[in-house]
Amino acid sequence: MKQIPKGKVTTYKMIAERLDTKAYRAVGSVCKRNPYAPVVPCHRVVKSNGEVGNYSGSGGVKKKISLLKKEGITVRNNKIVDFDKKLFEF
DNA sequence: CTGTTGACTCCGG
DNA sequence: ACCGGAGCCAACA
């Protein structure tokens with residue numbers, strides 16, 4: 001996740017595949033309770049269908065969206081605009 | 001050690 | 001578009 005550049009996002013699916021596993025859930029699960037909270041941009045990780053997904057920070061999903069927007073990503077209805085273009089490929 | 005639970009995804013109805 | 005079930009793995013009680 002640390003390689004995700006500002007203004008881009010990735011999906012739980014990709015991360016799982018990159019890890020050579022199908023534990024998509026575990027990825028999000030670990031992210032949620034990740035001890036690297038400040039050093040890892042978990043808010044740049046979204047669902048594979050382009051939805052923002054969830055967030056456990058203060059403000060919840062709303063906060064996540066504002067963070068993404070602040071980094072140049074447009075979100076509408078919990079969906080990433082131009083998802084395919086903002087998507088970061090490993 | 002044995003359940004649950006959950007920032008997920010895929011497939012069928 | 002919406003719902004249910006299966007698959008997978010880590011954290012937690």
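Proteins get letters first, then strands, A, B, ... in listed order; numbering begins at 1 in each.
- Taken from OG in Ser29(A) to OH in Tyr12(A), the straight-line distance is 10.5 Å, to the nearest 0.5 Å.
- Following chains of ILVMFWY side-chain contacts shorter than 4.5 Å, one cannot reach Tyr24(A) starting from Val46(A), and the two form parts of different hydrophobic clusters.
- Taken to the nearest 0.5 Å, the CD atom of Gln3(A) stands 5.5 Å off from the CZ atom of Phe88(A).
- Salt-bridge check for Glu71(A) with Arg44(A): passed, with a basic side-chain N closer than 4.0 Å to an acidic carboxylate O.
- Regarding Lys32(A), its NZ atom lies at a distance of 12 Å from the C1' atom of dA10(C), rounded to whole Å.
- A distance of 11.5 Å separates CG in Leu68(A) from NZ in Lys63(A), rounded to the nearest 0.5 Å.
- Rounded to a whole Å, the NE2 atom of His43(A) is 14 Å from the C1' atom of dA7(B).
- To the nearest angstrom, P of dC10(B) lies 9 Å from CG of Asn49(A).
- dA13(C) atom C1' lies 12 Å from atom CZ of Arg33(A), rounded to whole Å.
- Between the NZ atom of Lys79(A) and the CD1 atom of Ile65(A) there is a distance of 10.5 Å, given to the nearest 0.5 Å.
- Between the CD1 atom of Ile80(A) and the C1' atom of dA7(B) there is a distance of 14 Å, given to the nearest Å.
- Between the C1' atom of dA10(C) and the OH atom of Tyr12(A) lies a distance of 15 Å, rounded to the nearest Å.
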Polar pairs (N or O, both sides) under 3.5 Å between protein and nucleotides 3-9 of chain C?
residue, atom, partner, partner atom, Å
dG7(C), O6, Arg25(A), NH1, 2.9

